[in-house]
2 protein chains.
Amino acid sequence: MGVTIKDIAKAAGVSYSTVSKALLNSPLVKEPTKKKIIAIAKELNYQPNAAARRLASKKSNTIGVVWPTIERVTLSALITKINEQLEAASYTTLLSINPVETAVTIFNQFQVDAILVFDDNNKSEYTSSSSVPVVSYGLSDPNSPYPIIDVNRKQAIHLAVEYLYQQGHRKISYIGNVKGIDRLQEEKVDSFQKSVSDLGIDTFANAVISVDSLDQYDGYLAAKNILHSEHIPTAIICGSQDLARGIIRATQELNVSIPEDISIISYDNIPQREDLIIPLSTVGVPLDTISEHVAKTLIDVINKEEISNTITLEPELKITNSCRTIKE
Amino acid sequence: MGVTIKDIAKAAGVSYSTVSKALLNSPLVKEPTKKKIIAIAKELNYQPNAAARRLASKKSNTIGVVWPTIERVTLSALITKINEQLEAASYTTLLSINPVETAVTIFNQFQVDAILVFDDNNKSEYTSSSSVPVVSYGLSDPNSPYPIIDVNRKQAIHLAVEYLYQQGHRKISYIGNVKGIDRLQEEKVDSFQKSVSDLGIDTFANAVISVDSLDQYDGYLAAKNILHSEHIPTAIICGSQDLARGIIRATQELNVSIPEDISIISYDNIPQREDLIIPLSTVGVPLDTISEHVAKTLIDVINKEEISNTITLEPELKITNSCRTIKE
DNA sequence: TTGAAAGCGTTACCAT
DNA sequence: ATGGTAACGCTTTCAA
């Protein structure tokens, strides 16, 4: 450990302030000098000391991400994308899996440039004392002291219902009413019910199906129940891609064809996995859109740009041949 | 932002070096002075500057964890435990989801006290240039330049086979031969085959069942196939708890009773989820054991204690009534 | 018991 | 174009 710019300076026969400039690629250093210094730095395997750098420059080029226990799986792909985007903007991402409050404190001590909080439970109170700017991805809240990026789930489900209606579907089921309290899921169920009733679609026994969780097996069970009953819908909207996978398995087992016998649209923000036999119609905000907005907001916040406090991302409908038109 | 010890010193009417000592709880500061200083610090909402602290003390009290893309789900519980343990030892954990090489560089720049690498692919070459000590959790390798903590999977499966044999089982299936290359899974399959043949158990059609992945649905499918065939084992060992869940679902569907008709033992290091209908017999290293060893090794490495380069943790067999004895 | 001052590795400003 | 040096906020040694 411990190669410093002074060591490089000695080796290169220049002052260490010149080394500093060269390493920061300053135009104030002549090209040949710069080249030489960089070469020596590489040779000595120089690693800049982030602590010293931050202390002197008041800038860490680091963004702290609060990633609490919950949702670790679902958010994995999103975090990976955000990490990439921030890296492209030459920011380093550091994560903490501590509770929001603790993590925010840690990141404040580390003087990161900004903090991203993944927060499904609206814990805004906890983070109000951060002197580092905070951005959150979670449920929007007009009273939040910092920007929150949210997804318009209601609109997503609405789009799906509307589309199916236009295609002639009148018996539509929604699978994904998670038992227990989950505001994200409730929003979707509510939107389904409202959309359906606004369109004057008759409600029927299997209109809203509850599940234990959003896993593949839950979808499988739910679909089997439906398909064995007398109230078989012509279309299913489901709350997650995992549910959809289970539903597809069930249809295959029971020799029900998609989309001939039943159409299916899944809500999801994450990109579709390749391994589905039937490419899935989906509604949701593309992962790239989310990550771009999150990354951009973080950078804007760092640069003290004006930012609207609530950013609601609008979903897109992507139709594949997992849906069909019903002609009367 | 920006309350420093100098601000506190001014407010308290002492020198800032006294403040520093007081905040570090040094015995060199009188109790009343200390109390007063701490009170003021709290009042001003003072946050120590981690960068400055590290620069001056050469110590960060921080451990960097390299979080791999793969296996993020499985390792989630483990990293949570490790985080807790390290916190108890007053270390802060920071994660990076970058590739090993990048993450190690970042952590070197941040001068963390030690780096923990989760590494399934033995990428030791990448991390050899770290000046910060590295500890890895992954496949043991005698040539590794740093300590690796590993789990004795072979012994785990061996214990399971042996136990079932002692209980009179002679037709035992192993579900969990993952298609594709996965050394962790291969180790288990190999051990199963060796243990079985050492005990002189006849091999039969359904002895080793391959699966696409270790998910619940794969277990479900595999079990269904077995139970529909003519070669039904009296006991199943499976490679993960998720597989076990699927297997149990399949038995329920087909009215096969556990353990009356079939016994089941699952390999797993993570604690059993509560929601299984049948409490599962398991073999594996308890999560707490793993996390304790990892945390301890990290701290030992920081304190430059002597450490054996390969630590292999031994599994435990936990039998519940998912297994039964076969009497002739 | 408290204070003064050096120093950690770097950046950034001012001089040369 | 390069060098000198203060400053960043803190810990730590030495002096008082």
Side-chain angles (χ1 to χ4, degrees), chain A residues 1-38 40-41 44-62 90 92 108-113 131-132, chain B residues 1-38 40-41 44-62 90 92 106-113 131-132:
Chain A
M1 78 165 201
V3 180
T4 73
I5 51 172
K6 297 196 180 177
D7 299 322
I8 300 175
K10 214 170 288 170
V14 294
S15 79
Y16 70 87
S17 67
T18 303
V19 173
S20 173
K21 284 169 203 151
L23 260 24
L24 293 176
N25 198 21
S26 156
L28 296 176
V29 180
K30 249 199 197 155
E31 220 27 71
T33 327
K34 198 185 281 184
K35 283 232 161 91
K36 185 179 166 193
I37 290 175
I38 290 174
I40 294 178
L44 296 180
N45 190 27
Y46 166 75
Q47 297 280 28
N49 182 321
R53 195 167 254 192
R54 180 154 73 257
L55 200 54
S57 71
K58 295 293 208 168
K59 240 273 189 180
S60 67
N61 272 288
T62 300
S90 71
T92 292
N108 267 272
Q109 294 179 356
F110 271 82
Q111 311 255 97
V112 298
D113 296 336
S131 61
V132 171
Chain B
M1 78 166 202
V3 180
T4 75
I5 50 171
K6 297 197 180 175
D7 299 321
I8 299 175
K10 212 170 290 170
V14 296
S15 79
Y16 70 87
S17 67
T18 304
V19 173
S20 171
K21 284 167 201 151
L23 261 23
L24 293 176
N25 198 21
S26 157
L28 298 177
V29 180
K30 246 200 197 154
E31 215 34 66
T33 327
K34 197 185 283 184
K35 284 233 162 89
K36 185 178 164 194
I37 290 175
I38 291 174
I40 294 180
L44 296 180
N45 190 27
Y46 166 73
Q47 297 279 27
N49 182 322
R53 194 168 255 189
R54 179 155 74 257
L55 200 54
S57 70
K58 298 289 210 171
K59 240 271 187 179
S60 69
N61 272 288
T62 302
S90 70
T92 293
I106 292 171
F107 286 135
N108 267 271
Q109 295 179 354
F110 271 82
Q111 311 255 97
V112 297
D113 296 335
S131 63
V132 170

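From a predicted model like this one, the values you see are computed outputs, not experimental measurements. A note on names: the letters A, B, ... follow the listed sequences, proteins ahead of strands, and every chain is numbered from 1.
Each of I40(A), I5(A), T4(A), D7(A) was evaluated against V19(A); a single residue qualifies, I5(A), per the side-chain contact (heavy atoms from CB on, under 4.5 Å) test.
For the pair E31(B) CD and dT2(C) C1', the computed distance is 15 Å after rounding to whole Å.
The closest side-chain heavy-atom distance from T33(B) to K21(B) is not below 4.5 Å. Side-chain contact between F110(B) and T62(B) is absent, with no heavy atoms from C-beta onward closer than 4.5 Å.
Under a cut-off of 6.0 angstrom, the local environment of NZ in K59(A) is crowded, with over 12 non-hydrogen atoms contributed by other residues, nucleotides or ligands.
For DNA chain D, the span of nucleotides reached by chain B at under 4.0 Å from its heavy atoms goes, 5' to 3', from dG9(D) to dT13(D).
For N108(A) and S131(A), the side-chain atoms include at least one donor-acceptor pair closer than 3.5 Å.
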* Starting from the C-alpha separation in whole Å, work towards a yes-or-no answer on side-chain contact (heavy atoms from CB on, under 4.5 Å) for L55(A) and R54(B). => CA-CA 10 Å; L55(A) 200 54; R54(B) 179 155 74 257; over 6 Å; no

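A pairwise comparison of heavy atoms in N61(A) and S90(A) identifies OD1-O, 3.3 Å as the closest pair. Nearest heavy-atom pair across Y46(A) and I8(A) is CG-CD1, 3.6 Å.
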* Structure fact -> Protein-proximity profile, nucleotides 11-16 of chain C, B/S/- by nucleotide at the 4.0 Å heavy-atom cutoff, equals BBB---

